[in-house]
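Reading through the structure tokens given below for one structure.
The chains referred to below are lettered A, B, ... by the order of the sequence lines, with proteins before strands, and numbering in each begins at 1. Below, each value reflects all heavy atoms present in this structure, side chains not excepted, and no hydrogens, waters or symmetry copies. Quantities reported herein were computed from a predicted structural model and do not represent experimental measurements.
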Amino acid sequence: MTTSSVLVPDLTMAQLIVVLPVVPVVSALFIHLLSKRLGARAARVSVTATALTFAVALALLGWAIAGHGAQQIHVAGWSVLLFDPLSTLMATVVSGISLIVHVYSVRYMAEEAGYVRYFVLLDLMTAALLTMVAAGDLLTLLIAWHLIGVLLYFLLGHNTQSASSSRYASWTFLTYRFGDLPLVVAAGLLYHAYGTWSLPEIFAQLGQNPQATTLGGQPLADVVAALVALAAFARSAQFLLHTWLPYTMEGPTPVSALMHAGIVNAGGFLVNRMAPLFVHTGGVLHWLFVVGLVTAVVGSVLMLTQNDIKKSLGYSTMGQMGFMIMECGVGAFSLAIYHLIAHGVFKGTLFLSAGSVIGEARHDDRVPKEDLYTFVVERRPARRRAPWILMAGITLLAPAIILILAHWLVAEDIFQQQGAVVLLFFGWITGAQLIFATYRMRTESFWRLISLTVISLAVVVLGYAAISHAFDLFLYPDPAFRAQIYAAADISILRFDVLVAVVTAVIVLGWVLAYYSERNGSRAARTPGGLWMNFYALISREIYVTDLYAWLARAILSAATRLNARLRWA
Amino acid sequence: MNAALVIIAGIFLPLFPLSMVLNVVVARVRHPVARGILFLAWPQTGLALLYAAHVAVPSWVIAWALATSLLYAVRALALREVGLWAGFLATSAFALLWLPLTGDTPGLLTHLYALAFSTPFVLLALLAAGLEHRFGAAYTGLYGGLAQTLPRFSGVLVPVVLAAIGTPLFPAFFAMLAVVLTAAPAAAAALAAIWLVWTWAGTRLLQGLVTGPAEPGEARDLSLGSTWTYAAVLVALVIGGLYLSTQLAGGTA
């Protein structure tokens, strides 16, 4: 939804967007009221309703891709749903993932208590998510945003006998509420300033007067965007608001899949929905970048040190959410949407296939006895290494050439955007790291491995560049608006250059140190130093964030008890 | 004169320490219906008193009301007796009614906000009596797992607690939203903190009653008729919430 979108008032197929949340709600009511009569057939009703919802979402997406303009659909008086590229794309993703989770749950949950209740909640969650992605006014958005937290609380605590799942569900609910409330305050500020709840109207007025101020003369856009960002951080498990995510694995596996593939991505969606607000901000996007970066690093480090596979997956999601928010921070809003979809698909697959993989592995290790396996896994070290200068050249140049060519193919002017340069830089580092790691593998068929690595990198980069560019054109068709988003994320050119130079120097130094430590590894002492052990202790205790919150909670409860005793419970 | 009236009203729209009166009365009145009526009538009396006297509410009351509300919300965290918990949370909610009084919110709407805050506590008073009848005491953490032993009772208790802590689509959510709209940004931040503590208190209550391993022993669940009656009231509350939402959307709040 851009500020320049034309909002056509006539009635068209776009009105079908109302059907999206209505069908799952009707299904939930139907199976709840007729649960005794339906029994296990309730699941079939729920799956059918979700399939219908998905079909409608697909049709709407097709309608939007065909170029039909954004429309506001008024529902029941004040509520407004938006038909636009973002809402139709997200509705397709949400209903698609929900359908997979529904189908999977039919057999997976069959032996669990509260089978019908589970499908009622799943339908209501689908409805709330669809309402959120299509909300065209702040009230509807707030209601849907709050309800998602409430419904997730019940889905995660589905097993009512488990005290721990109930405790972690509560913790999730509290964190979500912590994120809901800044959104309430942001909505209040916007309503005060513009006298309307309608998002398109607010964005239009904001576009006309972006310099509006609020409390203490602070720019309204900055204050509201910061509050919106805080709401997105809580929903997308950004650092310091992340502790609920790795601990919510006690819920049913399909719920974990839905949460990691869909719900946790809401932060990226919110930032995109509020894009016309963020383009008028000063430093808020830089804040998003820093928080995303810290989350990505911390999430990835914590993931690597977990000995519990489920917590490891949780931290993996945290890291991915960090990348998504970081992409928003550099102005690549549509890339964040692509990222959240891609992450949703692969993380959903991981969760849903985990059980069957474990089951099958008990009968068959599924290790393919073929050339590729022998080549990749059973490596036979080469007798001598390739010259390091040649390898350093390939490591540094190959990813750079692939990235520059791929991006030049999709848009020549992309190198004018700082955000795009940051992402290119990041891609270059990742690609070089990949080749560097390959070099260290010392396999017998070294050149074959390097060729496969470079070709794989080229395919991934080309696909990523082409698809993300297509997303950019679809979600933000107005080139001026796209430029505005990148401009809002820009920093001064001197600071940018210094930052890139410093980061490059640090990373290259890291590579050199890794190279030399490997070469002299046999001679160097293997005993870890005190600093390293302290760092490991810090990471293995998850940086004490959870402990800190637990201590804080205990302190508040203890103070409340003392107060009650002193005031004689009155 | 103004200050004296405000202080008298501070008993009914609780301002600490005058707020202690409400909680002493709640603790003394054991009959569930009487307690329910108390929850309904208490804030309405305060509002009626202020509107009848045409008192201009001084702005310093806002900070006092917010502090009272936060104090009782935090204190509710440590309570295990359901009746007292309802009293504390009601005190926290009623104190917030001072905020629309300082703005130009129509009197009728403020009375409706009071009703929106009160009604869930009426239901909670009845449910607390039901727990006392079945188990001898309405305490969280004493007997868990009601979801397994009393599924209908739990099915009613959970939405009632959600209604009390201001969850959409219940009217307390829209009343709270309207209060946030009348507040200055700093007060809005305080309201957000209070709302968060309500949620914490609510989840602690549910955790100690509804979830966890069930205690052995038999207790009679709610009858089908009672369940439908509670469900009808909850649906009415949702309809009330939607009515308040139209007021908010129309800019009346």
[X] versus chain A, heavy atoms under 4.5 Å apart: side chain, backbone, both or neither?
| X | answer |
| --- | --- |
| B/Ser19 | neither |
| B/Leu71 | side chain |
| B/Leu22 | neither |
| B/Ala188 | both |
| B/Val25 | neither |
| B/Ala183 | backbone |

What option among [options] has the most heavy-atom pairs under 4.5 Å with chain A?
| options | result |
| --- | --- |
| B/Pro168, B/Ala186, B/Ala189 | B/Pro168 |
| B/Arg75, B/Met20, B/Gln148 | B/Arg75 |
| B/Leu177, B/Leu146, B/Val24 | B/Leu177 |
| B/Leu77, B/Asn23, B/Val21, B/Thr199 | B/Thr199 |

Segment of [X] engaging chain B (4.5 angstrom heavy-atom cut-off):
| X | value |
| --- | --- |
| A/Leu567 | both |
| A/Arg562 | neither |
| A/Trp569 | both |

Check your understanding: Would B/Arg204 count as a cation-pi partner of B/Trp85, with NZ or CZ less than 6.0 Å from the six-membered ring centre and within 45° of the ring normal?
Key ->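 B/Arg204 over B/Trp85 ring: no.
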Could you tell me whether a side-chain N or O of [X] sits under 3.5 Å from a main-chain N or O of [Y], the two making a donor and an acceptor?
| X | Y | answer |
| --- | --- | --- |
| A/Thr140 | A/Gly136 | no |
| B/Ser226 | B/Leu222 | no |
| A/Arg235 | A/Ala266 | no |
| B/Ser154 | B/Ala147 | yes |
| B/Arg35 | B/Arg30 | no |
| A/Ser79 | A/Val75 | no |
| B/Trp200 | B/Val74 | no |
| B/Trp98 | B/Leu13 | yes |
| B/Trp195 | A/Leu181 | no |

Review point. Any idea how B/Phe12 and B/Trp42 line up, ring-wise: parallel (<30°), tilted (30 to 60°), or perpendicular (>60°)?
Key: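 If you compare the ring of B/Phe12 with that of B/Trp42, the planes turn out tilted.
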Check your understanding: Are a donor atom and an acceptor atom from the side chains of A/Trp78 and B/Ser245 found within less than 3.5 Å of each other?
Key -> yes
Review point. Are B/Thr203 and A/Ser170 linked by a side-chain donor-acceptor pair shorter than 3.5 Å?
Key: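 Result is no, nothing qualifies.
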**Study point:** chain B neighbours within residues 111-126 of chain A, where any heavy atom lies under 4.5 Å away
**Key:**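 Residues in range: none.
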Check your understanding: Which of the residues A/Asp180, A/Leu189, A/Val223, A/Leu139 is involved in the greatest number of heavy-atom pairs with chain B at under 4.5 angstrom?
Key ->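 Highest number of heavy-atom pairs under 4.5 Å: A/Leu139.
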